[in-house]
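As the structure lists them, so they are numbered: ligands from 1, and atoms in each ligand from 1.
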Amino acid sequence: MFSYLTHLECTACGALHAATELQTLCRECGKVLYARYDLAAARASMTKEALRDRPFTLWRYHEVLPVQDPACAVTLGEGGTPLMPLARFGESIGLPGLLAKDEGGNPTGSFKARGMALAVSRAKELGARAVAAPSAGNAASAMSAYAARAGLPAYVFMPQDTPWIMKAECTAYGAHVYLVDGLINDAGKIVRENSVARGWFDVSTLKEPYRQEGKKTMGYEIAEQLGWELPDAIIYPTGGGTGIVGMWKAFAEMEAMGLIGAKRPKMICVQSAGCAPIVGAFERGDRHAPLFAGAQTLAPGLRVPVAIGDYLILDALRESGGTALTVTDAEMLAETRVVAAAEGLYASPEAAATFVAARKLAASGFLKGDERVIVFSTGAGMKHTELIDLDLPILDPHDPRVGDKIV
Ligand SMILES: *Cc1c(COP(=O)(O)O)cnc(C)c1O
Ligand SMILES: [Zn+2]
């Protein structure tokens, strides 16, 4: 069997839903649905030995992914990203064991590819005729690419000041692109109000059950890359929280399948000081995070003022003994260049937020020098070149003294 998916279960009220038809949120209470699998059976097929012979893409974990028919897997080669030591940068901040999971090499340049590969595959498999999503940028480009690959029309709604490259990507992929005078939640309102009438399937973060299934593969990959051990801490740049929530789910599944033990990493959420709903709720001891008013940050993936999965994110932070903190846009910009120059890893601002967080948490003593810490470098710096200040000398090749100008 390709997939051991059995049903969907509400994360809040426990209501069961059929996985054989398109589903969005829980029909009883409106909260997030999780895909559930026959893990005992999956365990017999997805053994450590069996995995050794499979290609290093996220589809290697197909037993615990929802796609039923391998022919329905819509793929551009997502997943299978490197886990790289950041020895020079790590040493400089007192964390010599620092590792980066570099997601920038995914199709469309961010880890959104993982989630959209699964969401679009399942939408197609279950008969959706078109997909739609609000997005801060990267989700839109990933959805547009996978929808094109699947032959489905895509409708994209994003803030009007989303980085130019992400608007251009969606346009190139043939999506119907609309700019919204507002933020991702405002764009979400437009999708919600139009989806049913227009026959779009809404693939908003955590509002359908399969994007998190794609993102959870990051949890499987890091375990496998570390020889089926988990790190001491994971620092994750949190917007809608699909990645944190997905990895936390993956760890429980892996333990149930006997692939790992009970040890869990401290899950650490980093957000921008200009948009930090989860950090605020964590500090107040709340399980829900109200809309963060006046959200503003140059990291598009962190410009998410309200998250439907707030309780799932906050539960993971607390159960793991993790924490939540903010960093400023200026800190992200500076750290981008520090890490690019020290390590050859040119990352997006969201990723840079995790580097700043590692520095801060090492300085405060929350993270110890002998700990193995993974920072999630969720997107490629190449999408944000406009943020690098350039003041480059221009040389005259006919100037006999041109060499004097080179320092
Ligand atoms: C979307 C995005 C995030 C936030 O991811 P969530 O899993 O939704 O919290 C972080 N970084 C980048 C580059 C993103 O595109
Ligand atoms: Zn429910």
Checklist entry - Got a donor-acceptor contact below 3.5 angstrom from the Y146 side chain to the A117 backbone? => result no
Next on the checklist: Whether the E350 and T378 side chains hold a donor-acceptor pair (N or O, under 3.5 Å, no angle test) is what I'd like checked.
Outcome noted: no
Minimum-distance protein heavy atom relative to [atom]:
| atom | value |
| --- | --- |
| atom 8 (O) of ligand 1 | G240 N, 3.2 Å |
| atom 7 (O) of ligand 1 | Y236 OH, 2.5 Å |
| atom 13 (C) of ligand 1 | T378 OG1, 3.3 Å |
| atom 5 (O) of ligand 1 | F111 CZ, 3.2 Å |

Checklist entry - Hey, does E9 have a side-chain heavy atom less than 4.5 Å from the side chain of H17? => result no
Checklist outcome for this item: Quick look: T242 vs ligand 1, heavy-atom contacts under 4.0 Å, and the answer is both
Checklist entry - So W200 and F157, ring-ring contact (aromatic ring centres under 6.0 Å, His included) or not? Walk me through it. => result CA-CA 13 Å; W200 306 333; F157 301 83; 5.6 Å; yes
Item to check | Pairwise distance CG(D232) to CZ(R264) - rounded to 0.5 angstrom | outcome: 13.5 Å
Checklist outcome for this item: Between the OG1 atom in T326 and the CD atom in Q271, the distance rounded to the nearest 0.5 Å is 9.0 Å
Could you list the atoms of ligand 1 found under 4.0 angstrom from a heavy atom of [X]?
| X | value |
| --- | --- |
| T238 | 9 (O) |
| N138 | 13 (C), 14 (C), 15 (O) |
| K215 | 5 (O), 6 (P), 7 (O), 8 (O) |

Item to check | Mutual orientation of the aromatic rings belonging to H288 and Y311 [parallel < 30°, tilted 30-60°, perpendicular > 60°] | outcome: tilted
Checklist entry - Distance under 6.0 Å and angle within 45° of the ring axis: does K124 meet both against F201? => result no
Next on the checklist: As a quick check of understanding, evaluate side-chain contact (heavy atoms from CB on, under 4.5 Å) for E319 and W248, giving each step before the final call.
Outcome noted: CA-CA 10 Å; E319 284 169 31; W248 195 244; 3.5 Å; yes
Item to check | Closest to atom 6 (P) of ligand 1 among G115, P237, G104, G241 (heavy-atom distance) | outcome: G241
Checklist entry - So which of E350, E103, K112 gets nearest to atom 14 (C) of ligand 1, if we judge by its closest heavy atom? => result K112
Next on the checklist: Does ligand 1 come near enough to G243 that some N or O of the ligand is less than 3.5 Å from an N or O of the residue?
Outcome noted: yes
Checklist entry - Any N/O of G379 closer than 3.5 Å to an N/O of ligand 1? => result no
Item to check | Opening angle at the Zn ion (ligand 2) [SG, C10; SG, C13; to 10 degrees] | outcome: 110°
